[in-house]
Amino acid sequence: MTLAALSSRDSTMVFRSLLQAFSSPGERVQMPAHLCDSMSPLALPLLALVDIETTFCIPDDADLEAEVAELTGSKVVAVADANFVLCTTPPPQELVLHVGRGTALQPQLGCRLIVSNESHEDNLTLRLSGPGTRPESQLSVCAAASDFIAARNLAVAHPPSGIDCWLVSSDGVVVGLPRTTHAEQG
Amino acid sequence: MGYVSARGGLDAIRAAERLVRRLRLTSESSWLEEDQILEKLRLLVDRVMGEAGLWAPRLAAKALRQSEGDATEAVHLLRAYRSTLPRFAYSESADADDVKVERRIVPAFQRVPGNQLLGRSVDYTARFLERQSDDMAREEAEKLRSEASGTPGDEGGEAHDNTDTTQRSPQRLLEMLREMDLVVDRRRADDPEPFDITRTPARPPAARSALLSSMTRADTGALVNQWYRNILGPDGYLHEVTLGEVRHGALDVVVRHPVTGLPVCVTSVRVTEVEAIEDLEGVDEDRTKFDVGYGLCFGHNERKAIAMANLDIACHRDAGRTQLEQSLLLTTDALDSAGFLEHLKLPHYVTFRSMIERKFAMRKARNRDAS
């Protein structure tokens, strides 16, 4: 599926979905269906959020990276310098530990990591706690993502710096895992 | 009496959110159209756009309707929306001399090039509350409309009468003063990138562009208060300030076409621009000359632009001796100040419980010492 630039209305709708996902970690939030039907849902967060003043990188898909850069005018940079990083498969530990976490004074500079997350029979279930979670909040991730989750937990161990993650599935469901959320295997 | 902490309920919060929406949408009166807000409350729309830092009249009207007339809340809505929009391009630098004025006054000089153009302003109207009935007001409006339509070339209203191109782009008083060598020349040869306060908070000591940007987005009331405090308040030192220009007009916004690279006008914004002339009398200043402060903001908001121009020059002359720059940068933003104030309404159960416990501990220690 080819991508297309989002209208300001569509961009706002995607933004609202992502904001809702961060507000309620673990909640499955459906991104706008009409967009998910016509282009890769994984790219929607980038199409909505990056622009000529932000940087991004897609380390495992150069074609997708070039297409997003073309549509948004956003600059492609190295993983460590990127405001947004998209991974089409669960990222290895080294990558997660390499992305920017911001500083105590400028925690907003921490990277937003967008990760593909598909359902499998061998999915891991994570118990979530922290602001915005409910007592029963859970997150289901594919087994291959266990390294990613372990690295993510290390990356958020020294608040307020850290990273914020969205897990996106191919049907357009997004789940937020902000740095304030504690995730452990249940 | 015990002090027990409680946990706020998500369901209660959602119910409160629904209540606001339901009562706003289902009120008995007829639907408030955006056009009505744009036309009848135009100055409020301008103020909201200015403080939001976003030129979007229809969105500002929507925000005012949603906020039920709360200007600060409307600014909050617009800024939040603005932050979700991608930036596609940077505009070309605009020259304030390209403003097509709808109003221009020069309080400092009676006869200036281009003349005075009073335009649409309540400055010259009596402050009598009009208490005529709605029917009478409608009748008068109808009569005025028919009179206007019967006058060829008068669609733009009285202010547009007999106004030629020269009057729309008049020479500045400042140019005259420069020709007379009466103004300190602070123009710089280089052209540094302006400080973007939407990306990085400005902190003193800040570039002049950061100060001007902060003031142009500041709360109008806060800026007027800062100016008045500077004049008559505890900071008090009397400035001999005269306004050189007060302008309100339209300015084109030009961007480079991403494909052709040619300049393209994408919209026109209205701005209020003020130049304030300050009489220099400090021991380390050139007393044979004047200096000039500058103010510019979105929409028609003369109060704000005048305060801004006066504070610009006051800040320059102050040169960090007082907290003026800090006050301007850190305390005049409507969202910063109102946000901090309103956060006090959020639960403070834990902090207050610790304060109570400290009081009890101190009382216990005092009683122990007394016995």
Side-chain angles (χ1 to χ4, degrees), chain A residues 3-27 31-32 35 43-56 68-75 83-84 102-103 105-109 112 128-137, chain B residues 7-14 16-17 21 52-60 62-63 66 76-92 193-203 213 255-261 266-267 330 335-336 339 343 346-347 349-350:
Chain A
L3 303 180
L6 301 185
S7 67
S8 61
R9 184 181 168 80
D10 286 341
S11 174
T12 303
M13 289 170 75
V14 174
F15 172 82
R16 292 290 295 268
S17 305
L18 298 171
L19 188 65
Q20 176 62 30
F22 270 171
S23 303
S24 304
E27 184 183 324
M31 288 193 286
L35 296 174
L44 286 177
L46 281 184
L47 293 174
L49 298 180
V50 303
D51 63 13
I52 56 174
E53 294 209 343
T54 53
T55 55
F56 81 104
V68 171
E70 171 75 23
L71 289 169
T72 61
S74 183
K75 197 172 160 192
N83 301 129
F84 295 84
T103 63
L105 280 178
Q106 293 190 300
Q108 76 277 10
L109 299 182
R112 265 77 72 201
L128 304 182
S129 58
T133 59
R134 290 180 176 275
E136 69 278 13
S137 289
Chain B
R7 191 177 166 84
L10 186 61
D11 293 338
I13 290 168
R14 286 190 170 147
E17 191 179 13
R21 185 175 175 78
L54 179 69
W55 181 264
R58 285 213 170 265
L59 293 179
K62 279 181 193 292
Q66 184 178 330
H76 199 155
L77 290 170
L78 269 193
R79 278 221 204 146
Y81 178 72
R82 178 188 189 280
S83 72
T84 69
L85 298 177
R87 300 186 187 205
F88 298 122
Y90 298 103
S91 65
E92 297 290 296
E193 279 295 306
F195 189 96
D196 185 354
I197 59 167
T198 67
R199 308 293 294 175
T200 314
R203 297 288 180 265
S213 304
V255 299
R256 292 268 164 193
H257 192 283
V259 178
T260 66
V266 289
T267 189
L330 298 181
L335 254 60
D336 279 357
H343 104 279
L346 293 171
Y349 309 140
V350 175

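In what follows, chains carry the letters A, B, and so on, assigned in the order in which the sequence lines appear, proteins first and then strands, with residues in each chain numbered from 1.
Between A/Leu49 and A/Phe15 the shortest side-chain heavy-atom distance falls below 4.5 Å.
For A/Ala5, no part lies near chain B; criterion is any non-hydrogen pair under 4.5 Å. Using a 4.5 Å cut-off between heavy atoms, A/Val50 contacts chain B through its backbone alone, with no side-chain atom that close.
Between the CG atom of A/Leu35 and the CG atom of A/Leu47 there is a distance of 9.0 Å, given to the nearest 0.5 Å.
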Taking donor and acceptor roles from the modelled atom types, list the N and O pairs under 3.5 Å across chain B and chain A.
from	atom 1	to	atom 2	distance (Å)
B/Arg87	N	A/Asp51	OD2	2.8
B/Arg87	O	A/Ile52	N	3.3
B/Arg87	NH1	A/Glu53	OE1	3.2
B/Arg87	NH1	A/Glu53	OE2	3.3
B/Tyr90	OH	A/Glu53	OE2	2.9
B/Arg199	NE	A/Glu53	OE1	3.1
B/Arg199	NH2	A/Glu53	O	3.3

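The local environment of CG in B/Leu346 is crowded, with over 12 non-hydrogen atoms from other residues, nucleotides or ligands closer than 6.0 Å.
Of all the heavy atoms in B/Ala63 and B/Leu78, the pair that sits closest is CB-CG, 4.2 Å.
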